[in-house]
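Input: a single structure, listed below in structure tokens.
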Protein chains: 2
Amino acid sequence: MEVTYAGDLHWTYLESGIFFPCVVSCPGGGGRIVNTSDGDLGRERVPALLAARDDATCRVREVLDRVGEKWAISVIAELGKEPRRFNELRRAIPGVSQRMLTATLRGLERDGLVTRAVHPVVPPRVEYELTPLGETLLDTVSALLGWALDHIDDIDKARIEYDAH
Amino acid sequence: MEVTYAGDLHWTYLESGIFFPCVVSCPGGGGRIVNTSDGDLGRERVPALLAARDDATCRVREVLDRVGEKWAISVIAELGKEPRRFNELRRAIPGVSQRMLTATLRGLERDGLVTRAVHPVVPPRVEYELTPLGETLLDTVSALLGWALDHIDDIDKARIEYDAH
DNA sequence: CTGTATCCCGGACGATACTG
DNA sequence: CAGTATCGTCCGGGATACAG
């Protein structure tokens, strides 16, 4: 059985005495490997988003990172229901620390997703609200959350099976 | 001017001599703050997703975490174009280390989003492919990426303005 | 009430070396 | 080729203390 290879192949000599690529008896009785030259006949499901690693692509990461932030989604979801004050948010989102809530809100504000309105009274009254831009993100993220809810059972099942080897 | 307050209020005595809540002259001439008892008249944009912090809600985090993983989206996007071998993926995703690519693929495989097919030949040939479940995630995530691409300029503008104070 | 300022830890990630 | 193993770094984020 002969093995041919496509692509930039690196030849390596292994301690075990194996020299790659080489001809070896094939346990599975596997067939011949031929030129796998993969022409660009992709399904083109992703609109050249991550295909081309250009500027825009890298900046997309920032959005993903924001969504990935531990508390951002919860905050957006809460504000999606109605404008909230700082400690209202804190109470509405179990487990969030003051530090992280502040940081998350600052980040969202910086990105133009949330507005922060300070009312000059004592005690201070600060209201947070979703901007129109923030609301569009809420819609999009809701779709992702919907997917998650729809397929969590599938994922759980897959994990159990995988972990069982 | 009198200030009334709703909610579980904690009284604090500050070093500066201020006692909260208290009556103070208000720079902005701000008005009276009345009972803010927020009845549950939310806009109900998020379908009780993060509203109720139940089991499912917590598990949604896992999906978000996976999406937030630094390389998961890139891998899914690549595999969304066509099945790939390990080092093909590595070359297609600039910057990813062998370690992280392996870890990412294992995670996706465990979640049932990617299949790993080992061909028993020498040298080893391992092909990764999106499962049907993985393809549905690709669709959903593409929507999010689309949002990102559509609004990156808005976000950049907001950041510049914010940073300028 | 609505925040800063510090300290500190664990986990994510990269670099490097090694293996079948 | 397709991985594991090990180590070191960095930083997200929790705990706590303090302030206007």
Side-chain angles (χ1 to χ4, degrees), chain A residues 3-22 24 27 30 33 36 65-66 68-72 74 84-91 93-107 109 116-128, chain B residues 3-22 24 27 30 33 36 65-66 68-72 74 84-91 93-107 109 116-128:
Chain A
V3 176
T4 64
Y5 235 80
D8 48 345
L9 188 54
H10 293 278
W11 299 76
T12 34
Y13 187 77
L14 308 178
E15 292 179 1
S16 51
I18 305 180
F19 193 58
F20 275 161
C22 62
V24 177
I33 299 181
T36 61
D65 287 346
R66 169 125 353 272
E69 271 177 35
K70 193 166 180 184
W71 304 106
S74 299
R84 291 293 181 90
R85 299 179 53 181
F86 187 84
N87 276 346
E88 285 174 355
L89 279 174
R90 198 136 106 92
R91 282 188 296 268
I93 305 174
V96 70
S97 67
Q98 191 173 48
R99 182 174 122 79
M100 290 318 297
L101 182 53
T102 302
T104 301
L105 286 167
R106 287 292 180 281
E109 190 194 355
R116 177 174 182 269
V118 183
H119 302 272
V121 295
V122 173
R125 176 187 182 83
V126 181
E127 294 227 311
Y128 294 93
Chain B
V3 175
T4 64
Y5 235 79
D8 48 345
L9 188 54
H10 293 278
W11 299 76
T12 34
Y13 186 77
L14 307 177
E15 292 179 1
S16 51
I18 304 179
F19 192 60
F20 274 159
C22 62
V24 178
I33 299 181
T36 62
D65 287 346
R66 168 121 1 269
E69 271 178 34
K70 193 167 180 183
W71 303 106
S74 299
R84 291 292 182 89
R85 300 178 52 181
F86 187 84
N87 277 346
E88 284 175 354
L89 279 173
R90 198 137 106 91
R91 283 189 294 270
I93 304 174
V96 69
S97 66
Q98 192 174 45
R99 182 174 122 78
M100 289 317 298
L101 182 53
T102 301
T104 301
L105 286 167
R106 288 290 180 280
E109 190 195 355
R116 176 174 182 269
V118 184
H119 302 272
V121 296
V122 174
R125 177 186 181 83
V126 181
E127 294 226 310
Y128 293 92

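Order of the sequence lines sets the chain letters (A, B, ...), proteins ahead of strands, with each chain counted from 1.
- Note: CG (Leu101(B)) to P (dT16(C)) measures 18 Å, nearest angstrom.
- Within the 3.5 Å criterion, the main-chain N or O of Arg106(A) finds no donor-acceptor partner in the side chain of Glu109(A).
- Dashed line: the shortest gap from a side-chain N or O of Arg90(B) to OP1 or OP2 of dC1(D) is not under 4.0 Å.
- Closest to the side chain of Val126(A), out of dC1(D), dT2(C), dA2(D), is dT2(C).
- The two residues Arg116(A) and Val118(A) make their nearest non-hydrogen contact at NH1-CG2, 3.5 Å.
- The separation between Arg84(A) atom CZ and dG3(C) atom P is 16 Å, rounded to whole Å.
- Across every non-hydrogen atom of Arg66(B) and Ala72(B), the tightest pair is O-CB, 3.3 Å.
- In this structure, Leu89(A) and Arg84(A) approach most closely via the heavy-atom pair CG-CB, 3.7 Å.
- For the pair Arg106(A) CZ and dG3(C) C1', the computed distance is 7 Å after rounding to whole Å.
- Taking atom CD on Glu88(B) and atom C1' on dA2(D), their separation rounds to 13 Å, with Å as the unit.
- Of the side-chain N and O atoms in Arg125(A), none sit less than 4.0 angstrom from OP1 or OP2 of dG3(C).
- Remark: Arg85(A) is in phosphate contact with dT2(C), judged by side-chain N or O atoms under 4.0 Å from OP1 or OP2.
- The CZ atom of Arg116(A) sits 10 Å away from the P atom of dT2(C) (whole-angstrom rounding).
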Could you check Arg125(B) against Glu127(B) for salt bridge (charged side-chain N to carboxylate O under 4.0 Å, His left out), going step by step and ending with a plain yes or no? CA-CA 7 Å; Arg125(B) 177 186 181 83; Glu127(B) 294 226 310; 3.3 Å; yes

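- Side-chain atoms of Glu69(B) and Thr104(B), non-hydrogen and from C-beta on, do get closer than 4.5 Å to each other.
- Across Phe86(B) and Leu101(B), no two heavy atoms sit closer than the pair O-CD2, 3.7 Å.
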Might you list the N or O atoms of the protein lying below 3.5 Å from N or O atoms in nucleotides 12-14 of chain D, with each pair's distance?
| unit_1 | atom_1 | unit_2 | atom_2 | d |
| --- | --- | --- | --- | --- |
| dG13(D) | OP1 | Lys70(A) | N | 3.4 |
| dG13(D) | N7 | Arg99(A) | NH2 | 2.1 |
| dG14(D) | OP1 | Lys70(A) | NZ | 3.0 |
| dG14(D) | OP2 | Ser97(A) | OG | 3.4 |
| dG14(D) | N7 | Arg99(A) | NE | 3.1 |
| dG14(D) | O6 | Arg99(A) | NE | 2.9 |
| dG14(D) | O6 | Arg99(A) | NH2 | 3.3 |

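- dT2(C) atom P lies 9 Å from atom CD of Glu127(A), rounded to whole Å.
- Atom CD of Gln98(A) is separated from atom P of dC7(C) by 18 Å (rounded to the nearest Å).
- Regarding His119(A), its NE2 atom lies at a distance of 10 Å from the P atom of dT2(C), rounded to whole Å.
- You'll find that the side chain of Phe86(B) is closest to dG3(D), out of dG3(D), dT2(C), dG20(C).
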